[in-house]
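First the structure, in the form of structure tokens, and then the observations on it.
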Amino acid sequence: MIATPSLPGSPTASDALAQTLQALGREAQAAARTLAWTPTETRNQALRAAAVALRRQETAILAANANDVAAAQTRGLAAPMLERLLLDPARVEAMAAGLEAIAALPDPLGTVLAAWERPNGLQISRVRVPLGVIGIIYESRPNVTADAGGLCLKSGNAAILRGGSESFQSSHAIAAAMQEGLEAAGLPLAAIQLLPTPDRAAVGLMLRMDDVIDVIIPRGGRSLIERVAAESRIPVIKHLDGNCHVYVDAAADPEKARRVVLNAKMRRTSICGAAETLLVDRALRTTLLPHLVADLLNAGCAVRGDADVCAVDPRVTPASAEDWDTEYLDAIITCGVVDGVDAAIAHINRHSSHHTESILTEDPAVAERFLARIDSGIVLWNASTQFADGGEFGMGAEIGISTGKLHARGPVGAEQLTSYKYVVRGQGQCRP
């Protein structure tokens, strides 16, 4: 069938989509201006009402998710992505509880970050304010709809959400509950909007809407992040992949190390905070290393190792050069032996995605050396990398873990979704 050419001046499908997104963006701008001066309790009321709506709409949300999961299975979506997509009653409850936790946080807006007086009597203060309109582009995880919408609302920002096509129905069911919360508090529904189409062209259009969107936050796989970074005209807070490391030092407590390593890898293999590489001090090659490897293998994790690791268990397969730079998001880990903490630091800084790294040791000096010299957003001492989560940091929820260094780094919560302005108070001073 031959397509009918568009007449001069007649709108194409692309034009119509661009017009829809522009209208949505203008509504978001107006909503953001309202949210910037909305009282704290009103925003908190909306969050609590949205939590109530999520619980009340659980059946509808799970039904929508079942449709998404069935479609994703038919398309052959990878198992780690399916695990991220899946919702159950516990995950719906976690979304609702997360909104209540966000509501309970101190209001980041209006906080005076610094204040001083100049010799001429001018009173100057730096005050926290919203960013404005935030565009969030994410894949698979429908819970991001609630987390991102809630954090933007708490911080006085309007949110334009673009979920993945695989979670389209789930995200819309969750967004409907979020808008119930807004309506209950008398806030504009445009404060939290979900794009009405799964069309991939919408992403490209969003990235060029620098007249209405102030910040873009992508959350997904490397290909999505790289596309956003390359095409966006709007400042980006990036969440790159989580090639996270655990280093077991010669001074590690053996039982503690075995417990933490297994949790860091196997608690949930599909999250960005899951450990992907295990490094072990050479001094432990014949003592603790065989136990660490056996624990992982016996738990169903494939281990890919260097020559030293391959020698401790015949079930280990040789690691390729590519393995050291891979985020598996699956029950696979790369394991190697290193000559002390400095070698571990050098390896991590070379191969890491600068997300989350952990050291297991009872030597405080070694731990502090690691914490100071690792160039990642989150560094831990004697704790699982799976704590790389805004909720675990007391932020209620997160939009992602920023691996960049400008504006926000590590978990991106409500406070990280703000900027500041300078407020100057005088008594008629004129500059000479």
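Taking both residues in full, the closest heavy atoms of Ala190 and Ala31 are given as C-CB, 3.7 Å, listed atom of the first, atom of the second, then distance. Contact between Ala275 and Val246 at its shortest, heavy atoms only, is CB-CG2, 3.9 Å. Considering all non-hydrogen atoms of both residues, Val412 and Leu151 come closest at O-CD1, 3.8 Å. Minimum interatomic distance between Gly135 and Ile213 (heavy atoms only, all atoms of both residues): N-CG2, 3.7 Å. For the pair Ile345 and Ile374, the tightest heavy-atom approach, listed with the atom from each and the gap, is CA-CD1, 3.9 Å. The two residues Leu99 and Ala50 come nearest to each other via the heavy atoms CD1-CB, 3.8 Å.
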Go through the steps to decide whether Arg267 and Ser384 satisfy the test side-chain contact (heavy atoms from CB on, under 4.5 Å), and finish with yes or no.
CA-CA 10 Å; Arg267 173 188 164 271; Ser384 169; over 6 Å; no
Please determine whether side-chain contact (heavy atoms from CB on, under 4.5 Å) holds for the pair Asp107 and Arg43, giving the CA-CA distance in whole Å, both sets of side-chain angles, and the decisive distance to 0.1 Å.
CA-CA 10 Å; Asp107 188 355; Arg43 285 178 275 126; 2.6 Å; yes
Just do the side-chain contact (heavy atoms from CB on, under 4.5 Å) check on Met206 and Ile160 with the steps written out, would you?
CA-CA 9 Å; Met206 275 186 72; Ile160 298 177; 4.1 Å; yes
Check the pair Asp330, Arg84 against salt bridge (Lys or Arg N to Asp or Glu O under 4.0 Å), reporting the backbone distance first and the verdict last.
CA-CA 12 Å; Asp330 203 351; Arg84 290 181 170 196; over 6 Å; no
Run the side-chain contact (heavy atoms from CB on, under 4.5 Å) test on Leu289 and Cys335 for me, step by step, so that the C-alpha distance in whole Å, both residues' side-chain angles and the decisive distance to 0.1 Å come before the verdict.
CA-CA 10 Å; Leu289 176 62; Cys335 183; 4.0 Å; yes
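Electrostatic pairing of Asp211 and Arg26 counts as a salt bridge here, judged by a charged N lying under 4.0 Å from a carboxylate O. Using a cut-off of 4.0 Å between Lys/Arg side-chain N and Asp/Glu carboxylate O, Arg285 and Asp339 are scored as not salt-bridged. A salt bridge between Glu166 and Arg141 is absent, with no side-chain N of the basic residue lying under 4.0 Å from a carboxylate O of the acidic one. Glu362 has a carboxylate O that lies under 4.0 Å from a charged side-chain N of Lys256, or vice versa, which qualifies the two as a salt bridge. Classification of Arg48 and Glu100 as a salt-bridged pair fails, no side-chain N sitting under 4.0 Å from a carboxylate O.
The distance from atom CG of Asp88 to atom CD1 of Ile61, rounded to the nearest 0.5 Å, is 12.0 Å. Atom CG of Leu194 and atom CG of Leu161 lie 5.5 Å apart (nearest 0.5 Å). With rounding to the nearest 0.5 Å, the separation of CG in Leu189 from CG in Leu182 is 6.0 Å. The line from CG of Asp389 to CD1 of Ile401 is 6.5 Å long, rounded to the nearest 0.5 Å. To the nearest 0.5 angstrom, Asp147 atom CG is 6.5 Å from Ile102 atom CD1. Taking CZ of Arg258 as the start and CG of Leu292 as the end, the distance is 7.5 Å to the nearest 0.5 Å.
Heavy atoms from other residues, nucleotides or ligands lying under 6.0 Å from CZ of Phe393 number more than 12. Counting heavy-atom neighbours within 6.0 Å of Arg200 CZ, excluding the residue itself, gives a total of 12 or less. No more than 12 heavy atoms of other residues, nucleotides or ligands shown are found within 6.0 angstrom of CD on Glu183.
Of the residues Ser352, Ser353, Ser358, the one that meets the side chain to side chain contact (heavy atoms under 4.5 Å, CB included) test with Ser376 is Ser352. Here the rule is side chain to side chain contact (heavy atoms under 4.5 Å, CB included) with Met395, and of Gln416, Lys154, Glu415 only Gln416 fits it. Only one option out of Lys265, His351, His245 pairs with Glu276 in a side-chain hydrogen bond (donor to acceptor under 3.5 Å, both in side chains); it is Lys265.
Asp68 contributes a side-chain N or O that, together with a main-chain N or O of Ser170, makes up a donor-acceptor pair within less than 3.5 Å. A distance-only check finds no donor-acceptor pair linking the side chain of Ser125 to the backbone of Val127 [under 3.5 Å]. Side-chain atoms of Gln193 do not come within 3.5 Å of backbone N or O of Ala159 as any donor-acceptor pair. A donor-acceptor pair under 3.5 Å is absent between the side-chain atoms of Trp381 and the main chain of Leu360, judged by distance alone. Ser270 places no side-chain N or O within donor-acceptor distance of the main-chain N or O of Glu83, the cut-off being under 3.5 Å. Looking at Glu180, its side chain never comes within 3.5 Å of a backbone N or O of Ala49 through a donor-acceptor pair. Without hydrogens or angle criteria, Thr145 side chain to Pro142 main chain gives a donor-acceptor distance under 3.5 Å. Side-chain atoms of His347 do not come within 3.5 Å of backbone N or O of Ala343 as any donor-acceptor pair. Counting only distance, with no hydrogens or angles, the side chain of Asp306 and the backbone of Val337 share a donor-acceptor pair below 3.5 Å. For the pair Glu327 (side chain) and Gly242 (backbone), a donor-acceptor distance under 3.5 Å is present.
Using a 4.5 Å heavy-atom cutoff, the side chains of Asp214 and Ile234 are not in contact. Put simply, the side chain of Thr197 does not reach to within 4.5 Å of the side chain of Phe168, judged on heavy atoms. For the pair Thr356/Leu380, a side-chain contact is recorded, criterion being any heavy-atom separation below 4.5 Å from C-beta on. Counting heavy atoms from C-beta outward, Asp281 and Val248 have side chains that stay 4.5 Å or more apart. At least one side-chain heavy atom of Val203 sits less than 4.5 Å from a side-chain heavy atom of Arg227. Side-chain contact between Leu109 and Thr111 is absent, with no heavy-atom pair separated by less than 4.5 Å. Annotation: side chain of Leu207 is in contact with side chain of Ile137 (closest heavy-atom distance under 4.5 Å). Side-chain contact between Val303 and Leu278: absent, with no pair of heavy atoms (C-beta onward) separated by less than 4.5 Å.
For the pair Arg219 and Tyr138, the cation-pi criterion (under 6.0 Å, within 45° of the ring axis) is not fulfilled.
Remark: the Asp323 side chain and the Thr326 side chain contain no N/O donor-acceptor pair separated by less than 3.5 Å. For the 3.5 Å distance criterion, the side chains of Ser155 and Asn157 qualify, holding a donor opposite an acceptor. No side-chain donor from either of Asn263 and Arg268 sits under 3.5 Å from a side-chain acceptor of the other. Judged by distance alone, the side chains of Tyr328 and Asn243 never bring a donor and an acceptor atom under 3.5 Å apart. Under 3.5 Å, the side chains of Thr418 and Arg128 contain a donor-acceptor pair of N or O atoms.
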